[in-house]
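Note that this is a predicted model, so its numbers are computed, not measured. First listed ligand is number 1; within each ligand, the first listed atom is number 1.
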Amino acid sequence: MNKCIILAAGAGTRMKSNQPKVLHEILNKPMLHYVIEASKGFNPGKTILITGHGTEAVEKKFEAYPNIAFALQPIGEGEPYGTGYAAMQALPYVEDEDKVLILSGDTPLITEKTLKDLENYYIEGGYSGVILSATTDDLVGYGRIIRDISGEFTAIREDRDCNPKEKKITEINGGIYLFSGKCLREGLASIDDDNAQGEYYLTDVVEVLSNKGYRVGAYNMGVTQELDGINSRAQLAQANNAMKMRINEHLMNEGVTIIDPENTWIGPNVEVGKDSIIWPGAVLEGDTKIGEATIIRGTTRIVDSSIGNGVTVESSLIENSVVGNDVTIGPFAHLRPNAVLEDNVKIGNFVEVKNATMKSGSKASHLSYVGDASVGERVNIGCGVIFVNYDGKNKFKSVIEDDAFVGSNSNVVAPVHVGKGAFIAAGSTVTCDVNEDTLVIARAKEVVKEGWSKRSALKEKSKEDNRE
Ligand code: UD1
Ligand code: CA
């Protein structure tokens with residue numbers, strides 16, 4: 001069976017964080033997520049995640065992933081440490097006849113395709129163990145690939161254990177390995193912690209196997225970002241940028257116009273239909289789906305939402321909402337969770353919609369709050385309308401039927417039902433149900449006093465005269 005071990009127990013000291021390193025995010029997903037996704041290229045029957053630092057948090061994030069098992073590496077004063085010791089924790093899951101892929105939780109740019117290539121290299125070369133290597137001039141912290149005079153790969157030397165000559169080697173270990181179950185077990189049984197860091201190095205398994213006469217291979221990818229490890233915040237930023245460009249290039253290949261790919265952040269699970277145009281500043285996150293020929297402009301953030309075709313969104317925040325076709329939103333609108341906008345709806349400047357449905361053709365063009373409401377078709381919600389949904393303890397719902405007109409600066413005090421074609425006059429505070437085709441005016445009666453300003457000015461003046 002194919003098994004996958006992912007090393008994710010390390011402290012991540014260089015991140016200077018209270019959070020385990022592998023939970024630091026790339027495009028709003030933990031870096032470890034990308035490693036698990038890429039491992040699908042190897043079809044593992046089981047994935048064993050080695051946790052240690054922050055184990056509860058890591059388990060909680062990943063327990064729902066398919067075929068996953070957790071092996072806890074004991075962490076603490078006096079405990080052995082190192083990638084080799086981490087891999088040993090997975091041995092109870094490993095059978096001799098397994099093929100075992102070992103990945104590092106901090107190398108998230110690796111792809112499914114490369115892991116497939118590595119497996120083919122392993123099978124075709126008849127190897128007992130293979131690793132992925134790369135050529136780089138940014139060598140700090142990477143183990144170097146040691147080859148004998150005939151060019152055969154024989155060992156990995158850690159940066160801190162290299163002599164000056166070895167330090168100059170530009171082929172580095174990517175931290176990704178494939179061993180037969182038998183050789184992994186045999187190799188791990190023979191490593192020790194006699195090195196600069198006093199750690200059990202997984203990398204030493206290669207030398208052990210090579211010395212025992214097993215065939216080991218290094219699959220050199222040349223210059224690549226795929227093996228970039230994340231040990232610091234600066235490397236995290238670089239990985240975010242690399243992943244962003246990878247996703248944006250994929251979407252552009254699928255027919256999406258991204259005006260400025262450097263400044264457009266789209267998550268790995270986001271789908272965008274062809275002929276949509278994404279302007280700089282957009283952030284599309286989570287399980288968001290954007291239809292075809294939709295335009296997203298300005299500082300817009302869309303999270304876990306579905307947006308239809310031919311929609312225009314300008315400088316707005318949309319969360320957990322569903323938007324139909326040919327809708328316009330913004331600028332500066334906020335769709336909070338469970339806003340459902342059907343086709344041809346218009347949501348304008350400074351409008352907030354929450355847990356509310358607006359059916360086809362309805363409009364709230366300016367400065368409104370539409371919360372806990374069901375709004376029918378072709379309803380006009382005037383400027384400054386507030387759906388008063390909360391009495392300090394409970395939330396209530398309002399229903400506005402088709403073709404109703406809610407005049408500007410009205411309050412709809414829930415629970416209230418406004419019938420079809422009803423007309424609420426501007427400035428009304430509506431607390432009772434309104435029947436179909438009815439006009440309601442619920443505001444103080446206007447009082448008109450002709451010449452009042454002049455009279456009151458005269459009064460003021462005579463007061464002042466008396467004071468002097
Ligand atoms: C490791 C390799 C190095 C390689 C580099 C590639 C070793 C000894 N060195 O170095 O040759 O060039 O990766 O990125 O393997 N971990 C545990 N338990 C531990 C220690 C680490 O689970 O006790 C995990 C970490 O969480 C991390 C991974 O193993 O996900 C790699 O550990 P890290 O300390 O980052 O190794 P590097 O120093 O980068
Ligand atoms: Ca690392």
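Residue Arg14 places a heavy atom under 4.0 Å from ligand 1. Ligand 1 has Lys21 within reach: a non-hydrogen atom of the residue lies less than 4.0 Å from it. In this structure, Asp106 counts as a contact residue of ligand 1, since one of its heavy atoms falls inside 4.0 Å of the ligand. Residue contact check for ligand 1: Tyr85 places no non-hydrogen atom closer than 4.0 Å to it.
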Would you check, one step at a time, whether the test salt bridge (Lys or Arg N to Asp or Glu O under 4.0 Å) holds for Arg157 with Glu207? CA-CA 9 Å; Arg157 193 83 66 242; Glu207 195 165 3; 3.5 Å; yes
Using the rule given for side-chain hydrogen bond (donor to acceptor under 3.5 Å, both in side chains), can you reason through Glu171 versus Thr135, listing the C-alpha separation, both sets of side-chain angles and the distance that settles it, and then say yes or no? CA-CA 5 Å; Glu171 186 182 2; Thr135 308; over 6 Å; no
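Checked for salt-bridge contact, Lys212 and Glu186 meet the test: a charged N lies under 4.0 Å from a carboxylate O. One finds no salt bridge joining Asp372 and Lys397 here, because no Lys/Arg side-chain nitrogen approaches an Asp/Glu carboxylate oxygen to under 4.0 Å. Between Lys29 and Glu37, none of the side-chain N atoms (NZ, or NE/NH1/NH2) sits under 4.0 Å from a carboxylate O, so this pair counts as no salt bridge. Ion pairing between Lys359 and Asp343 fails under the 4.0 Å rule for side-chain N and carboxylate O. For the pair Lys60 and Glu63, the salt-bridge criterion is not met [side-chain N within less than 4.0 Å of a carboxylate O].
Aromatic pair Phe332/Phe350: ring centres closer than 6.0 Å. Checked against a 6.0 Å centroid threshold, the rings of Tyr122 and Tyr219 do not count as neighbours.
The only member of Ile50, Asp204, Ile102, Leu7 that meets side chain to side chain contact (heavy atoms under 4.5 Å, CB included) when paired with Thr83 is Leu7. When each of Leu367, Val351, Asn349 is checked for a side chain to side chain contact (heavy atoms under 4.5 Å, CB included) with Cys383, only Leu367 meets the rule.
Distance from atom 22 (O) of ligand 1 to its nearest protein heavy atom, with residue and atom name: Ala9 N, 2.8 Å. Annotation: atom 1 (C) of ligand 1 to nearest protein heavy atom, Glu158 OE1, 4.6 Å. For atom 30 (O) of ligand 1, the nearest protein heavy atom (residue, atom name, distance) is Leu7 O, 2.8 Å. When only non-hydrogen protein atoms are considered, atom 6 (C) of ligand 1 lies nearest to Asn173 O, 3.4 Å. Atom 17 (C) of ligand 1 has Gly10 N, 3.5 Å as its closest protein atom, hydrogens excluded (heavy atom only). Closest to atom 32 (O) of ligand 1 among all protein heavy atoms lies Thr83 CG2, 3.8 Å.
Taking the six-membered ring for Trp and thresholds of 30 and 60 degrees, Phe62 and Tyr65 have ring planes inclined between 30 and 60 degrees apart.
Of all the heavy atoms of Gln73, the ones lying under 4.0 Å from any atom of ligand 1 belong exclusively to the side chain. The part of Asn231 lying near ligand 1 is the side chain, judged by heavy-atom distances below 4.0 Å. At a heavy-atom distance under 4.0 Å, only backbone atoms of Ala8 (N, CA, C or O) approach ligand 1.
By the neighbour-count criterion of 12 heavy atoms within 6.0 Å, atom CH2 of Trp265 is densely surrounded, having more than that number from other residues, nucleotides or ligands.
Restricting Asp106 to its N, O or S atoms, the one at the least distance from the Ca ion (ligand 2) is OD2.
Protein heavy atoms are found inside the 4.0 Å sphere centred on atom 25 (C) of ligand 1. Checking atom 13 (O) of ligand 1 against the protein gives no heavy-atom contact under 4.0 Å. At a distance under 4.0 Å, no protein heavy atom can be found next to atom 36 (O) of ligand 1.
Applying the 4.0 Å criterion to heavy atoms of Gly143 picks out, from ligand 1, the atoms 3 (C), 4 (C), 11 (O), 12 (O). The distance from ligand 1 to the heavy atoms of Gly105 drops below 4.0 Å at these ligand atoms: 30 (O). In the vicinity of Thr203, heavy-atom distances shorter than 4.0 Å reach the ligand 1 atoms 7 (C), 8 (C), 9 (N), 11 (O), 15 (O).
The Ca ion (ligand 2) has an N, O or S atom of Asn231 under 3.0 Å away, backbone or side chain.
Selection from Gly82, Pro74, Gly84 by nearest heavy atom to atom 23 (O) of ligand 1 gives Gly82.
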